[in-house]
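Reviewing the structure listed below.
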Amino acid sequence: MVYDNPWGTFLVEARDVLEKAFKLAYPELEVKIQLDKPPSREYGDLSCSACLSLAKKASTNPMEMAEVVLKHTSLKDSSFIEKIVVSKPGYLNIYLKRSLMVGEALKSALTLKDEWGYVKTDKPLRIVIEHTSVNPIHPITIGHARNTFLGDSLARILNARGHSVSKRFYVDDVGGQVALLAYAYKLAGDAILKLDAKPDHAIGRVYTTISALVEIRKLKNRAENLRKSGKYEEARRVEDELSDWIGILSEVEKKNSDVLQTLLNGMKFSDPEEEVREILKAYELGSEQAKQLIRPIVEKCIMGFKETLERVDVSFDFWDWESEIVWSSIVRRVLNRLMKSGCVKFENNVPEFEAGRIAEDPLVRRRLGIPDGFEISSLTLLRADGLTLYPTRDIAYSILKFQNADVVINVVGFDQTLPQIQVRLALYVLGYKEQAENQLHYSYGLVKFPGFKMSSRRGRYITLDHLLDESEARAYMEVSKISPHLSEDERRRIAKSVGVSAVKYSLISVEPSKDVVFDWDRVLDFKRNSAPFIMYSYARAHGITSKIGVESVEEFDPAFLTQPLEEELGLNIAMFPQVFVEASENLSPHTLAMYCNSLATIFNSFYDSHPVIKAEKNVREARLALVEAFKITMRNALKLIGITPVERM
RNA sequence: GGGUCCGUGGCCUAGCUAGGAUAAGGCACCUGCCUCCGGAGCAGGUGAUCCCGGGUUCAAAUCCCGGCGGACCCGCCA
């Protein structure tokens with residue numbers, strides 16, 4: 001028989017048996033059966049502590065209660081339960097028919113192959129995942145990379161679960177940052193791109209340069225004025241900031257001196273801040289001239305993104321341009337309807353959405369998943385000059401994302417918690433109540449660099465490309481050391497795969513809510529608990545199957561797998577579908593990363609102590625089946641976190 | 001000032017949603033293991049007031065309250 005989730009079947013059987021037994025023994029009690037993993041195998045494979053908490057209600061003691069429940073159990077409808085035993089303070093310990101489980105799991109894995117473990121949901125949904133959405137003014141950095149890998153992994157997981165997933169990238173081409181970049185482009189033209197092979201890297205550098213130039217100019221004036229009016233203390237603070245920016249500029253100058261001159265010359269003839277404002281306004285109003293200035297430079301930056309994303313095997317179904325949303329009438333419609341909702345007040349002649357007022361209703365909070373004490377401030381919807389603001393456009397975008405979706409998952413950093421809540425509240429007020437409930441903020445802690453705060457304006461960041469380069473170089477060294485017999489080409493190919501995987505794994509394997517302090521040594525540590533370690537176990541397994549030939553897996557008798565490590569490996573393979581189900585329900589890629597690591601660890605132990613090729617025929621066939629099932633399981637599990645194992649490394 | 005999140009051996013991390021039996025891994029350190037399917041490995045060892053204090057409970061790393069420390073948010077920036 002082929003099981004799509006053997007361990008899950010065992011869980012259901014155990015729960016059924018105990019539920020029925022409790023009902024027979026204590027019909028008056030409401031019992032919710034929870035099954036745990038016992039601390040060691042001597043206590044069986046599952047344990048139930050219900051008697052410990054219920055004994056008092058049944059006016060008995062836990063031991064006695066467990067004995068009574070045990071007497072009422074019947075195993076006739078279950079195939080995987082070996083026995084149930086009462087132990088110490090009152091546990092019911094369930095023992096699995098281990099070798100049956102191992103045999104069924106191996107057969108199922110070998111039969112289902114690429115589909116093994118991907119248990120389908122009975123409620124398929126249309127799910128939009130918006131992730132990455134890096135502003136097109138600088139390259140993708142290691143800070144964004146966590147977003148990219150988490151989002152991509154979520155998409156892979158939900159897709160494997162049977163949902164219809166679409167991945168969207170929000171191109172934030174409206175706003176001051178892009179306008180500032182466009183201003184530099186206006187002054188220096190295509191020269192800003194010729195500096196570097198990759199357009200996004202060149203653009204990032206120019207963005208820092210123009211930011212510094214404009215900032216320095218502004219701060220100089222301010223400091224002068226402060227000194228003139230005798231505010232020396234304040235002037236000194238401004239001057240400190242000024243010298244900070246001058247430092248940044250001199251850093252950039254080394255690589256950008258010709259462009260810097262052009263920009264400086266251009267700035268003499270105009271007021272930069274005024275020019276930037278003009279560009280911003282013109283673009284939002286849809287002026288052809290502004291489009292011709294902004295679109296090409298943003299497109300170039302996105303080309304750079306796509307190159308990086310291709311490198312890490314991440315793709316998108318839609319690239320949504322923010323400007324398209326502004327130029328369509330959605331934003332205006334949203335504004336008009338919000339105004340009529342009674343939740344907008346005017347402060348200094350500017351409309352503000354009083355998000356906090358709606359959130360006073362505890363019911364609304366519960367529906368939208370807003371913590372009770374969360375303080376929600378108002379949201380300014382328009383600037384005094386009538387131009388839209390980012391959150392306003394984001395509300396409109398949210399509506400757009402729901403056009404063909406039941407659920408929208410926004411992969412957005414923890415620092416955006418408040419605006420994400422404000423958007424949901426706006427949806428609610430606008431009458432999109434269900435959508436407001438089904439818009440999820442998938443939050444994750446920021447990636448920080450020890451020593452300084454990463455800042456894209458200040459050019460203080462590490463690009464994902466750079467990190468990948470380092471990782472690939474490291475991987476290349478390792479491959480060359482261990483497999484010098486492989487061709488140069490193949491070693492390059494392997495290094496690329498291993499290098500990218502190492503970076504992905506290190507960013508995915510940490511629970512999302514935790515901050516990550518970036519550490520070169522840790523990301524490039526290829527020992528245990530890393531992608532290279534996991535991939536290495538796969539390559540070893542492949543070494544065995546390729547030497548024997550996979551065809552011979554057809555016939556095997558799991559009864560020959562009698563060693564504890566064989567059983568352990570088999571059981572862990574059997575658990576994969578259940579691990580997948582839980583990871584997909586909890587949106588938890590890191591659980592899968594941890595699973596891959598422990599599966600690899602167990603395989604390595606097995607590998608070390610139980611030879612396959614040299615074993616006697618029956619044992620060899622059974623072990624070969626185990627190894628092949630391991631490979632299938634590992635491949636399928638790794639795929640969910642965006643990693644493809646290599647056969648040699 | 002208010003709020004949100006995080007706080008687990010020297011360092012990094014899992015476990016917390018759904019409270020249960022000796023708190024699980026990695027790095028570092030120490031001891032063994034390559035005539036044996038690939039040593040990016042394996043076997044073992046040293047090392048923990050689970051931030052602190054209360055509370056709930058037969059039972060708390062896990063739930064509640066109050067502190068402390070760190071990060072972040074509270075913009076006519078995005």
Side-chain angles (χ1 to χ4, degrees), chain A residues 32 34 36 38-40 43 47-50 52-53 55-56 61-62 87-91 93 135 137 172 174-178 322 347-352 370-371 373-387 389-391 393-394 413-419 421 443 445-446 448 456-457 475 478-479 481-483 498 509-511 513-517 519 521-522 525-530 532-537 539-548 585-586 588 590-591 594 597-598 601 604-615 620 623 627 648-649:
Chain A
K32 220 179 122 198
Q34 201 201 313
D36 302 303
S40 89
Y43 297 118
S47 78
C48 171
S49 59
L52 276 73
S53 52
K56 207 181 240 177
N61 66 68
S87 82
K88 272 198 284 179
Y91 289 101
N93 288 331
N135 287 355
I137 48 167
D172 190 6
V174 180
Q177 296 186 324
V178 166
E322 187 174 22
E347 193 100 348
N348 304 322
N349 261 335
V350 150
E352 282 198 6
I370 304 166
F374 203 99
E375 185 193 280
I376 297 159
S377 51
S378 294
L379 184 68
T380 308
L381 295 167
L382 289 176
R383 304 174 15 148
D385 58 11
L387 295 185
L389 285 159
Y390 180 82
R393 304 191 288 265
D394 207 25
F414 162 73
D415 53 338
Q416 305 283 313
T417 307
L418 173 61
I421 285 174
S443 167
L446 304 182
K448 277 172 285 191
S456 46
R457 271 181 81 208
E478 292 283 334
V479 189
K481 198 169 74 196
I482 288 152
S483 305
V498 172
S509 60
V510 178
E511 210 265 326
S513 71
K514 299 212 179 187
D515 289 343
V516 169
V517 177
D519 182 343
D521 291 339
R522 208 173 311 135
D525 184 357
F526 290 0
K527 294 183 187 165
R528 280 182 259 191
N529 198 12
S530 74
F533 167 78
I534 294 164
M535 295 168 87
Y536 186 67
S537 73
R540 285 170 135 188
H542 180 77
I544 295 170
T545 55
S546 70
K547 267 175 194 145
I548 296 185
E585 297 307 307
N586 297 329
S588 171
H590 91 281
T591 311
M594 311 292 302
N597 186 60
S598 66
T601 304
N604 280 339
S605 298
F606 158 79
Y607 179 91
D608 215 58
S609 47
H610 303 304
V612 177
I613 294 172
K614 275 188 275 176
R620 183 177 65 233
R623 286 185 182 162
V627 172
R648 274 186 297 270
M649 60 188 279

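Numbers restart at 1 for each chain; the letters A, B, ... are given by sequence-line order, proteins then strands.
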Open item on the list: Checking A/His542 now: which residues fulfil ring-ring contact (aromatic ring centres under 6.0 Å, His included) with it, not counting sequence neighbours?
Closed with: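 Per chain and number, A/His542 pairs via ring-ring contact (aromatic ring centres under 6.0 Å, His included) with no residue.
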Pair partner, [N] [Watson-Crick or wobble, under 3.5 Å]:
N	value
B/U4	B/A71
B/U56	none
B/C29	B/G45

For [X], what residues pass the salt bridge (Lys or Arg N to Asp or Glu O under 4.0 Å) criterion, not counting sequence neighbours?
X	value
A/Glu352	none
A/Arg620	none
A/Arg528	none
A/Asp515	A/Lys448

Open item on the list: With a 3.5 Å cut-off and heavy atoms only, can you find an N or O donor on one side and an acceptor on the other between the side chain of A/Asp525 and the base of B/A40?
Closed with: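 Such a pair does not exist between side chain and base.
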- [ ] Would you state whether a donor and an acceptor, one from the side chain of A/Ser49 and one from the base of B/A21, lie under 3.5 Å apart?
- [x]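 Side chain to base: no pair below 3.5 Å.
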- [ ] Apply side chain to side chain donor-acceptor pair (under 3.5 Å) to A/Asn604 and list each qualifying residue two or more places apart in sequence or on a separate chain.
- [x]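 Counting only residues at least two positions away or on another chain, A/Asn604 forms a side chain to side chain donor-acceptor pair (under 3.5 Å) with A/Arg540.
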- [ ] Return the 5'-most residue of the pair A/Ser40, A/Val612 with respect to RNA chain B, ranking by each residue's nearest nucleotide.
- [x]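 With A/Ser40 and A/Val612 compared, the 5'-side residue is A/Ser40.
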- [ ] Please figure out whether A/Lys614 or A/Pro39 has its closest RNA chain B nucleotide nearer the 5' end.
- [x]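 Looking at RNA chain B, the more 5' nearest nucleotide goes with A/Pro39.
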Open item on the list: Suppose you measure atom P in B/U13 against the same atom in B/G55; what distance do you get, rounded to whole Å?
Closed with: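 Those two atoms are separated by 32 Å.
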TODO: Take atom P in B/G66 and the same atom in B/C42, then report the distance between them in whole Å.
DONE: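 Straight-line distance between the two P atoms is 47 Å.
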TODO: Return the set of residues passing side chain to side chain contact (heavy atoms under 4.5 Å, CB included) with A/Ser483 (not counting sequence neighbours), or none when no residue passes.
DONE: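 So A/Ser483 forms a side chain to side chain contact (heavy atoms under 4.5 Å, CB included) with A/Val479, A/His485, A/Leu486.
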Task: Residues which pass side chain to side chain contact (heavy atoms under 4.5 Å, CB included) with A/Ile376, listed by chain and number, not counting sequence neighbours - done: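 Scan of A/Ile376 (side chain to side chain contact (heavy atoms under 4.5 Å, CB included), adjacent residues dropped) gives A/Ala355, A/Ala359, A/Arg365, A/Ile370, A/Phe374, A/Leu418, A/Ile421, A/Gln422, A/Leu425.
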Open item on the list: When you compare the side chain of A/Leu389 with that of A/Leu381, does any pair of heavy atoms fall below 4.5 Å?
Closed with: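 Side chain of A/Leu381 against side chain of A/Leu389, heavy atoms only: no contact under 4.5 Å found.
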Open item on the list: For a quick test of reading the model: is some side-chain N or O of A/Lys547 closer than 4.0 Å to OP1 or OP2 of B/G38?
Closed with: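 Affirmative; the distance criterion is met.
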Base versus backbone protein contacts along [range] [heavy-atom cut-off under 4.0 Å; B, S, -]:
range	value
nucleotides 50-68 of chain B	--------B----------
nucleotides 73-78 of chain B	SS-BSB
nucleotides 7-14 of chain B	S----SSS

Open item on the list: Need the glycosidic conformation of B/C34: syn if within 90° of 0, anti if not. Which one?
Closed with: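 Here B/C34 takes the syn form, which means its glycosidic angle is within 90° of 0.
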TODO: Classify the nucleic acid contact of A/His542 as base, sugar-phosphate or nothing, counting any heavy atom under 4.0 Å across all strands shown.
DONE: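 No contact.
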Taking only N/O atoms, report every protein-nucleotides 41-45 of chain B pair under 3.5 Å with atom names and distance.
from, atom 1, to, atom 2, distance (Å)
B/G41, OP1, A/Arg528, N, 3.2
B/G41, O3', A/Asn604, ND2, 3.4
B/G41, O2', A/Arg540, NH1, 2.8
B/G41, O2', A/Arg540, NH2, 3.0
B/C42, OP2, A/Arg528, NE, 3.4
B/C42, O3', A/Ser605, OG, 3.4
B/C42, O2', A/Asp608, OD2, 2.8
B/A43, OP1, A/Ser605, OG, 2.7

Task: A/Asp385 side chain to A/Leu387 backbone, donor-acceptor under 3.5 Å - done: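 Here the side-chain-to-backbone pair exists.
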